[in-house]
**Q** 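Structure incoming, see below.
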Number of protein chains: 2
Amino acid sequence: MVSQLTKLEEESIDYFVSFVQIFGFPKSVGQIYGLMFVSGEPMVMGQLVERLEISKGSVSQGLATLKALGAIVPVEVENDRREHFQADLDVSRIVNHFFSERLEPRLQNGSRRLEGMLELAREGGDTKENEPLNRLKALKKWQTRGQRAIPFIKRFLKN
Amino acid sequence: MVSQLTKLEEESIDYFVSFVQIFGFPKSVGQIYGLMFVSGEPMVMGQLVERLEISKGSVSQGLATLKALGAIVPVEVENDRREHFQADLDVSRIVNHFFSERLEPRLQNGSRRLEGMLELAREGGDTKENEPLNRLKALKKWQTRGQRAIPFIKRFLKN
DNA sequence: TTTATTGTTCATTTTTATTTGAACAACCTC
DNA sequence: GAGGTTGTTCAAATAAAAATGAACAATAAA
């Protein structure tokens, strides 16, 4: 017998599905976290498969993702060899991970690329009339500013 | 005769393709902006179709998106009825648009949903033992903090 | 008018991302 | 070790997103 989702659980699932999708995570990740978040109880894979009615594969992948995010933590349960997980209350981990793992590396990569472009553009002469160069110099300002903003934002969301 | 993309143009296109993809825009938007950005010249649809070798449909859509973002601006050209566009230097428009049009509405929507959930959760009694309620209260803190962060970040990126 | 050019729209095709489920490995219980 | 659980992996199926290109509207030029 599989217990139906309560209205509250459904709402939470919807809430977190939209939330994680902002950051490009698949729906299943939001479903899993949404259910685990409201209840607060440690849960096992089987429960999630049954209650969310999604495949074992998706739950396995989803749990791996959430584990990597630090959004759920393993919990030991006496006399039960199954892996239990509990949703961490700190939702900001998901956002932080997005910044650290997705945004920052890309910005750093962008920084390198931009240097290469400046190099190329200077071949056209380092003058006021070299429009591509002018534009790339302006771009560099934004690039730098963006990179500076990240730690700033992280701190804001931290505590 | 269609002029080949220069090395610099190619680099710029790649750069902006990755950039816009962070914010969930399609590749074509990055290609168009990337090409327009380095050159700085006003351009027409036909040129973009030829030089980027992408379809008229994609360019039309992409230009519409970039126009809506304010990332490109219409430019009048004497004796030429075609619509010319020029890339605005202010790259932050794209980021700002992401915040204003995608993130903020979702956060506001999230806020409403969360109130509904709190309502539902309180039915279980407003006590310390009502774990879902406790968790939703914690979530509300993050929700609020996230919403506060947005104008902050926007200001940081502004000027 | 008629014909050519420019740009939009949208049904179809293509590409990419996600989910499924079967096969498998690890581990426990008896 | 046979049989039962638990969890992972990955090829195939499905769903979602983006690109294409043909049909169309609007306008200009002949």
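Source: prediction; values computed, not measured. Chain A is the first sequence line, chain B the second, and so forth, proteins listed ahead of strands; every chain is numbered from 1.
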**Q** Select one nucleotide: of D:dT27, D:dT20, C:dC28, the one nearest the side-chain heavy atoms of B:Ile54.
**A** D:dT20

**Q** Please determine if a side-chain N or O atom of B:Ser60 lies less than 4.0 Å away from the OP1 or OP2 oxygen of C:dG7.
**A** no

**Q** Separation of B:Leu48 atom CG from C:dT8 atom P, in whole Å?
**A** 12 Å

**Q** Whole angstrom is fine here: how far is it from CD in B:Gln61 over to P in D:dA17?
**A** 15 Å

**Q** Rounded to whole Å, please give me the gap between CZ in B:Arg81 and P in D:dA29.
**A** 7 Å

**Q** For A:Asp80 and D:dT6, give me the distance from atom CG to atom P, rounded to whole Å.
**A** 8 Å

**Q** Please report the distance, rounded to the nearest Å, between CZ in B:Arg82 and C1' in D:dA29.
**A** 15 Å

**Q** Looking at B:Asp14 and B:Lys27, is there a salt bridge between them, counting it only when a charged N and a carboxylate O are closer than 4.0 Å?
**A** no

**Q** Please give, in whole Å, the distance from C:dT5 P to B:Glu83 CD?
**A** 18 Å

**Q** Give a yes/no answer on whether the side chain of B:Ser28 brings an N or O atom under 4.0 Å of OP1 or OP2 in D:dA19.
**A** yes

**Q** Under 6.0 Å from the six-membered ring centre of B:Phe23 and within 45° of its axis: does the NZ or CZ of B:Arg102 meet both?
**A** no

**Q** Separation of B:Leu63 atom CG from C:dT6 atom P, in whole Å?
**A** 15 Å

**Q** Only one of A:Met36, A:Met45, A:Met43 passes side chain to side chain contact (heavy atoms under 4.5 Å, CB included) with A:Phe85; say which it is.
**A** A:Met36

**Q** Could you give the CE-to-P distance, from A:Met45 to C:dA25, as a whole number of Å?
**A** 18 Å

**Q** Closer than 4.0 angstrom, basic N to acidic O: yes or no for A:Lys154 and A:Glu104?
**A** yes

**Q** Just compare C:dC28, C:dT8, C:dT20 and give me whichever is closest to any side-chain atom of B:Lys67.
**A** C:dT8

**Q** Go through C:dT20, C:dA4, D:dT20 for me and flag the one nearest to the B:Ser58 side chain.
**A** D:dT20

**Q** Tell me what B:Lys56 touches on the nucleic acid: a base, only sugar-phosphate, or nothing, going by heavy atoms under 4.0 Å.
**A** base

**Q** What I want to check is whether the side chains of A:Gln143 and B:Tyr15 have a donor and an acceptor closer together than 3.5 Å.
**A** yes

